[in-house]
Peer 1: 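Right, I'll just put the structure down here and ask away after.
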Amino acid sequence: MIVYPAIDLRQGRCVRLRQGDFGAETVFNDDPASAAARWVDEGAEWLHVVNLDGALGVNGESNLAAIERIRRTVNIPIQVGGGIRSLKDVQQLFNAGINRIILGTVAADDPDLVQEFVETFGPESVVIGIDARDGIVTTHGWTQSAGIQAIDLALRMGQLGIKRLIYTDISRDGMLTGPNVLATVELAERTGLSVIASGGVSSIEDVQILAQQQAEGIDGVIIGMALYRGRIDLREAIACAQEVN
């Protein structure tokens with residue numbers, strides 16, 4: 001199971017939110033590239049980067065320079081999401097050396113575009129981010145309800161050739177209350193897709209519990225607040241994820 005340190009970008013800085021609330025922001029680093037370098041030094045195999053401004057549709061390009069600096073600073077694969085809603089957005093990121101794009105809002109609003117991206121760039125280059133409150137998908141930076149169940153959207157994405165999902169329980173994100181393991185595993189089992197768990201991871205025990213579900217389709221975990229607060233040591237988390245078979 002891969003452990004993905006999270007780097008959330010807002011106005012060029014590395015921040016964390018609580019439950020997706022843009023009014024509940026904590027700035028952890030004015031230089032996201034240095035945060036990226038730290039995680040690589042501690043053994044990260046991948047980075048998970050989110051353009052929060054892009055997700056909101058407000059001056060998302062302000063974070064592109066930060067994404068490019070991160071890419072120049074580290075030599076491991078990077079997945080990027082937040083506000084990717086056109087072929088131009090996708091091409092810009094791939095031209096910058098990003099390895100995988102995360103589609104959220106567009107998955108609910110324009111499935112045909114998702115299919116086009118998969119056919120153009122390949123299924124390993126596209127992952128779908130499903131963010132949900134009480135099982136209902138939210139979009140546009142978690143500000144709007146898509147009116148569709150997470151499982152229904154996931155099944156539809158599988159039909160389009162998607163192989164991997166990121167599932168976030170918004171109520172737990174940034175709260176250090178533990179991930180929604182049951183919902184995450186159910187999504188993997190019912191769709192047959194690989195799922196990366198996100199939201200609420202707060203301890204090594206959480207990582208271990210998720211790692212024990214690899215046979216059910218959990219192949220990654222995104223950790224944000226717990227790393228920045230020192231609740232989880234990245235080296236220990238990676239070792240834990242690799243120990244469990």
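Heads up: numbering here begins at 1 and tracks the sequence.
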Peer 1: Would Ile101 end up clustered with Val195 when hydrophobic side chains under 4.5 Å apart are linked, directly or stepwise?
Peer 2: yes
Peer 1: Is there a donor-acceptor contact under 3.5 Å from the side chain of Asp89 to the main chain of Arg85?
Peer 2: yes
Peer 1: Say whether, by atom type as modelled, one donor and one acceptor occur between the side chain of Asp53 and the main chain of Gln11 under 3.5 angstrom.
Peer 2: yes
Peer 1: Give the minimum heavy-atom separation between Ala37 and Thr73, together with the two atoms involved.
Peer 2: CB-CG2, 4.0 Å
Peer 1: Does a side-chain heavy-atom distance below 4.5 Å link Ile166 with His48?
Peer 2: yes
Peer 1: Quick one: are Pro179 and Thr184 in side-chain contact, heavy atoms under 4.5 Å?
Peer 2: no
Peer 1: Show the nearest heavy-atom pair for residues Gly81 and Ile84, with the distance to one decimal.
Peer 2: CA-CD1, 3.9 Å
Peer 1: Starting at CD of Glu42, measure out to CD1 of Ile238 and round the result to the nearest 0.5 Å.
Peer 2: 8.5 Å
Peer 1: Under 3.5 Å, is there a donor-acceptor pair linking the side chains of Ser34 and Asn29?
Peer 2: yes
Peer 1: Taking atom CG as the centre, does Asp134 end up with more than 12 heavy-atom neighbours from other residues, nucleotides or ligands that are less than 6.0 angstrom away?
Peer 2: no
Peer 1: Provide the closest heavy-atom pair for His140 versus Leu56 in the form atom of the first, atom of the second, distance.
Peer 2: O-CD2, 4.1 Å
Peer 1: Determine, using the 4.5 Å side-chain heavy-atom cutoff (strictly less than), whether Leu103 and Val137 are members of one ILVMFWY cluster.
Peer 2: yes
Peer 1: When you compare the side chain of Val90 with that of Thr120, does any pair of heavy atoms fall below 4.5 Å?
Peer 2: no
Peer 1: Testing the basics here: between Ala107 and Val114, what is the closest heavy-atom pair and its distance to 0.1 Å?
Peer 2: CA-CG2, 3.7 Å
Peer 1: If you round to the nearest 0.5 Å, how far is CG of Leu165 from OG of Ser194?
Peer 2: 8.5 Å
Peer 1: May I ask you to check whether Asp109 and Thr105 show a side-chain donor-acceptor distance below 3.5 Å?
Peer 2: no
Peer 1: Hey, are the side chains of Leu47 and Pro5 touching, using non-hydrogen atoms and a 4.5 Å cut-off?
Peer 2: yes
Peer 1: According to a 4.5 Å side-chain heavy-atom criterion applied to Ile, Leu, Val, Met, Phe, Trp and Tyr, with indirect links allowed, do Ile70 and Trp46 form part of one hydrophobic cluster?
Peer 2: no
Peer 1: Is the shortest side-chain heavy-atom distance between Glu124 and Arg164 below 4.5 Å?
Peer 2: yes
Peer 1: Could you walk me through whether Leu160 and Val118 pass the side chain to side chain contact (heavy atoms under 4.5 Å, CB included) check?
Peer 2: CA-CA 8 Å; Leu160 298 180; Val118 171; 5.6 Å; no
Peer 1: Side-chain contact test, heavy atoms from C-beta onward, threshold under 4.5 Å: evaluate it for Arg69 versus Asp31 and give yes or no.
Peer 2: yes
Peer 1: Does the pair Gln144 and Thr138 meet the rule for a side chain to side chain contact (heavy atoms under 4.5 Å, CB included), with working shown?
Peer 2: CA-CA 5 Å; Gln144 299 179 27; Thr138 67; over 6 Å; no
Peer 1: Name every donor-acceptor pair, under 3.5 Å, that has one atom in a side chain of residues 92-100 and the other anywhere in the protein, sequence neighbours excluded.
Peer 2:
from: Asn95; atom 1: OD1; to: Gln91; atom 2: NE2; distance (Å): 3.3
from: Asn95; atom 1: ND2; to: Gln91; atom 2: O; distance (Å): 3.2
from: Asn99; atom 1: OD1; to: Arg71; atom 2: NH1; distance (Å): 3.0
from: Asn99; atom 1: OD1; to: Ile78; atom 2: N; distance (Å): 2.9
from: Arg100; atom 1: NH1; to: Tyr4; atom 2: OH; distance (Å): 3.2
from: Arg100; atom 1: NH1; to: Gln79; atom 2: OE1; distance (Å): 2.8

Peer 1: Hey, what do you get for CD1 (Ile7) to CH2 (Trp39), rounding to the nearest 0.5 Å?
Peer 2: 8.5 Å
Peer 1: When you group the ILVMFWY residues by side-chain heavy-atom contacts below 4.5 Å and let the links chain together, are Val127 and Ile76 in the same group?
Peer 2: no
Peer 1: Go through the structure and list residues passing ring pair (Phe, Tyr, Trp, His ring centres under 6.0 Å) with Phe28, not counting sequence neighbours.
Peer 2: Tyr228
Peer 1: At their closest point, which heavy atom of Ile222 faces which heavy atom of Ala6, and how far apart are they?
Peer 2: CG2-CB, 3.8 Å
Peer 1: Quick one: does any side-chain atom of Asn63 pair with a main-chain N or O of Gly12 as donor and acceptor, under 3.5 Å?
Peer 2: yes
Peer 1: Side chains of Val185 and Ile218: does their closest heavy-atom pair fall under 4.5 Å?
Peer 2: yes
Peer 1: If only atom types and distance count, is the side chain of Gln214 paired as donor or acceptor with the main-chain N or O of Ala211 below 3.5 Å?
Peer 2: yes
Peer 1: Under a 4.5 Å cut-off applied to non-hydrogen side-chain atoms, are Ile204 and Ile232 in contact?
Peer 2: yes
Peer 1: Let me see the working for Ile223 and Val207 under side chain to side chain contact (heavy atoms under 4.5 Å, CB included), right down to the final yes or no.
Peer 2: CA-CA 9 Å; Ile223 309 178; Val207 176; 3.9 Å; yes
Peer 1: Which pair of heavy atoms, one from Thr168 and one from Gly199, lies closest together, and at what distance?
Peer 2: CG2-CA, 4.4 Å
Peer 1: With rounding to the nearest 0.5 Å, note down the distance linking CD1 in Ile162 to CG in Leu155.
Peer 2: 13.0 Å
Peer 1: Mind checking what makes side chain to side chain donor-acceptor pair (under 3.5 Å) contact with Arg72, not counting sequence neighbours?
Peer 2: none
Peer 1: Do Leu113 and Phe121 sit in the same hydrophobic cluster, where Ile, Leu, Val, Met, Phe, Trp and Tyr count as joined when their side-chain heavy atoms come under 4.5 Å apart?
Peer 2: yes
Peer 1: Just verifying a value: how many Å separate Tyr167 OH and Leu153 CG, rounded to the nearest 0.5 Å?
Peer 2: 11.5 Å
Peer 1: Hey, what do you get for CD1 (Ile196) to CD1 (Ile2), rounding to the nearest 0.5 Å?
Peer 2: 7.5 Å
